[in-house]
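Okay, so here's the structure we're looking at.
Read the numbers this way: they start at 1 and go in the same order the structure lists the ligands and their atoms.
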Amino acid sequence: MIDSKAPVLGIESSCDETGVALLRLDPSAPGRGLLAHALYSQVSLHAEYGGVVPELASRDHVRKLLPLVRQTLADAGVGVRELGAVAYTAGPGLVGALLVGAAAARALAWALEVPAIEVHHMEGHLLAPLLEEPALGTKPLAPPFVALLVSGGHSLLVGVERVGSYVILGDTLDDAAGEAFDKTAKLMGLPYPGGPALAKIAESGSPDAFRFSRPMTDRPGLDMSFSGLKTQVLLAWRGSDQSAQTRADIARGFEEAIVETLAIKCRRALAQTGYQRLVVSGGVGANQRLRAQLAEAGQREGFSTYFPRLQFCTDNGAMIALAGSIRLAAGQHTGPEIRVRPRWNLEALPEVA
Ligand code: KG4
Ligand code: ZN
C-alpha cells in the first residue's frame with residue numbers, strides 16, 4: 001500500500017559520505033517537508049591515502065548507516081513503521097558503497113512492505129536547491145533551468161526542461177572540477193579533500209600573481225577540460241620558491257581560473273537554451289567565489305541563481321529523500337531486486353508526469 005502522505009527515508013552512500021534524511025513532501029513547508037537529516041563524513045578515514053579507498057568506504061557505510069537511520073527517525077520523532085517509502089542512491093558511484101545503501105534500503109522497504117525508490121545521484125544534486133524553498137524574496141525555482149553540477153566525480157551542464165527530462169549540454173573531457181581542486185591541492189601538499197583546503201588558503205593569495213588559462217573558453221561549446229590547468233599549476237609550483245605566500249597566490253590563481261571558466265560556460269548555456277534560471281550544486285558548488293561570481297553575473301545579466309545551503313551542496317541524504325519523494329508522488333518506484341547502477345545516464349531517466 002502506498003501512502004503518499006507518509007514520510008520517505010532517503011539514503012545516500014555513493015562515495016564517502018553516509019547521509020540519511022526523512023522528508024514528508026510538502027511544497028509549501030520549509031525545506032519541502034524535510035523533517036530531519038544526519039550525515040557522517042568519512043573524510044578523516046581516507047585522508048592519509050589522499051583519496052577515497054573504495055573498500056574502506058563500503059565498510060564504513062556498513063558501520064554508520066543503521067545508527068544514522070535510528071538517529072534520523074529519533075530526531076524527527078517518527079517510528080520506523082510510519083515510513084511510507086525508502087529512497088536510496090542507486091548510482092552513479094562506487095559499486096561497493098552503493099550496494100551497502102541499496103541493500104539496507106531494500107531490506108527495510110521489504111520488511112515494512114513499502115516501496116523502494118532508486119534515485120540518480122545527480123538528479124539529487126540538481127533538485128537540492130528546492131530544499132531551500134520557500135525562500136523569502138526570491139523567485140521560486142521551477143523548470144526550465146540550467147544546472148551546473150560540479151563535484152568530485154562530475155562536471156555537468158544540464159538542461160532541465162521538466163523534472164525528469166534532462167539534456168546534458170556540456171561535460172568534462174577529463175578531470176571533474178572537484179577532482180581538479182583535489183589533485184591540484186595535493187600536488188602543493190594540502191590535505192584531502194583539496195577543494196575546501198585550497199579555497200581557504202586562496203583567500204590570502206593575490207589574484208594577480210599567477211594567471212592560468214581558462215580552458216576551452218576560446219572556442220564555442222559547453223564541454224570542459226581541467227587536467228591541463230593542473231599541469232600548469234604543477235609547473236608554476238615547481239618553478240617557484242614554494243613559500244606559504246606563493247602557495248596561496250597559486251591557489252588563488254587556480255581558483256580564479258576554474259571559477260571564471262565555469263561562469264563563462266554557465267552564461268553560454270543560459271544563452272544557448274534561453275533559460276533564465278541557473279542551479280549550481282555538487283561539492284564545488286560550496287565554493288564561495290563561484291557562488292559570489294555567479295550571483296553577481298545573474299544580477300547584472302538578468303538570470304536568477306539557486307544554490308543549496310553549503311551542507312546540501314556536498315553529498316547528503318536530504319537531496320535523495322527529496323528526489324525519491326518526487327518520483328514516488330509520480331508513481332515511480334521499483335521491484336524487489338537489489339540493484340545498483342555504478343554508471344547511469346542522467347538522460348535515460350523517465351520523465352515525472
Ligand atoms: O558532491 P561531493 O560531496 O561528492 C561527489 O559526488 O563527488 O563533492 C566533493 C568535491 C570534492 O572534490 C571537494 O574537494 C569539492 O567537492 N569541494 C570544493 C569545496 N567544497 C567541496 N571545491 C572547491 N571549493 C569548495 N569550497
Ligand atoms: Zn555528489
Side-chain angles (χ1 to χ4, degrees), residues 10-19 39-44 46-47 50-52 54 57 61 88-94 97-98 101 119-129 147-156 158 172 174-188 190-203 205 226-227 229-230 233 251-252 254-263 279-294 307-320 322-323 342-344 346:
I11 293 178
E12 156 63 32
S13 72
S14 66
C15 190
D16 60 347
E17 329 271 349
T18 322
L39 185 79
Y40 175 78
S41 172
Q42 302 178 353
V43 159
S44 54
H46 302 289
V52 178
H61 287 307
Y88 65 97
T89 303
L94 302 170
L98 289 168
V119 174
H120 192 294
H121 182 79
M122 302 314 285
E123 180 172 66
H125 275 307
L126 77 81
L127 295 176
L148 173 71
L149 305 179
V150 270
S151 67
H154 294 89
S155 291
L156 293 176
V158 183
T172 178
D174 39 56
D175 292 351
E179 199 179 351
F181 267 100
D182 293 339
K183 288 179 176 171
T184 303
K186 192 174 176 180
L187 71 86
M188 292 198 293
L190 294 170
Y192 176 83
L198 189 145
K200 177 128 196 43
I201 65 160
E203 282 169 27
F226 297 112
S227 75
L229 251 185
K230 190 182 57 197
V233 170
R252 180 66 185 267
F254 170 81
E255 191 185 39
E256 294 270 350
I258 266 210
V259 165
E260 198 181 327
T261 304
L262 293 173
V279 158
V280 181
S281 187
V284 181
N287 183 279
Q288 295 296 352
R289 202 170 298 283
L290 179 66
R291 292 165 87 97
Q293 191 155 325
L294 285 170
F307 310 94
R309 76 193 77 162
L310 298 187
Q311 121 195 86
F312 292 161
C313 267
T314 44
D315 292 349
N316 65 87
M319 68 185 193
I320 304 305
L322 175 66
R343 292 175 172 273
W344 191 2
L346 185 66

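No side-chain heavy atom of I11 sits less than 4.5 Å from a side-chain heavy atom of I320. Taking the side chain as every heavy atom from C-beta outward, P92 and P342 never approach each other to under 4.5 Å. Residues H121 and S151 form no side-chain contact, since every pair of their non-hydrogen atoms from C-beta on lies 4.5 Å or further apart. Residues Q42 and T18 have side chains in contact (heavy-atom distance under 4.5 Å, counting atoms from C-beta outward). L229 has its side chain out of reach of T184: every pair of non-hydrogen atoms, C-beta onward, lies at least 4.5 Å apart. Put simply, the side chain of L39 does not reach to within 4.5 Å of the side chain of Q311, judged on heavy atoms.
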Just do the ring pair (Phe, Tyr, Trp, His ring centres under 6.0 Å) check on F181 and F254 with the steps written out, would you? CA-CA 9 Å; F181 267 100; F254 170 81; 5.3 Å; yes
Check the pair D16, Y192 against side chain to side chain contact (heavy atoms under 4.5 Å, CB included), reporting the backbone distance first and the verdict last. CA-CA 12 Å; D16 60 347; Y192 176 83; 3.6 Å; yes
Using side chain to side chain contact (heavy atoms under 4.5 Å, CB included), reason through R252 and R289 one step at a time and then give a plain yes or no. CA-CA 10 Å; R252 180 66 185 267; R289 202 170 298 283; 3.2 Å; yes
Test D315 against H125 for side chain to side chain contact (heavy atoms under 4.5 Å, CB included), laying out the working first. CA-CA 8 Å; D315 292 349; H125 275 307; 3.0 Å; yes
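Residue-level proximity to ligand 1 for H125 is carried by the side chain, the only part with a heavy atom below 4.0 angstrom.
Near A286, the atoms of ligand 1 lying under 4.0 angstrom from a non-hydrogen atom of the residue are 26 (N). Listed by number with element, the atoms of ligand 1 under 4.0 angstrom from any heavy atom of G153 are 7 (O). Atoms of ligand 1 lying under 4.0 Å from at least one heavy atom of H121, given by number and element, are 6 (O).
Atom 2 (P) of ligand 1 has D315 OD1, 3.5 Å as its closest protein atom, hydrogens excluded (heavy atom only). Nearest to atom 24 (N) of ligand 1 among the protein's heavy atoms is N287 ND2, 3.0 Å. The shortest contact between atom 7 (O) of ligand 1 and any protein heavy atom is with G152 N, 2.8 Å.
For a threshold of 3.5 Å applied to N or O pairs, the pair formed by T314 and ligand 1 contains no separation below that value. Remark: ligand 1 and F181 share no N or O pair separated by less than 3.5 Å (distance only, no angle test). Residue-to-ligand polar distances place G178 within reach of ligand 1: an N/O pair is separated by less than 3.5 Å. At least one N or O atom of D182 sits closer than 3.5 Å to an N or O atom of ligand 1. Here's the thing with E17: none of its N/O atoms is less than 3.5 angstrom from an N/O atom of ligand 1.
H125 contributes atom NE2 as its closest N/O/S atom to the Zn ion (ligand 2).
Relative to atom 21 (C) of ligand 1, the option among G195, G285, G283 with the closest non-hydrogen atom is G283.
Centred on the Zn ion (ligand 2), the angle running from H121 (NE2) to D315 (OD1) is recorded as 90°, rounding to 10°.
Residue P196 places a heavy atom under 4.0 Å from ligand 1.
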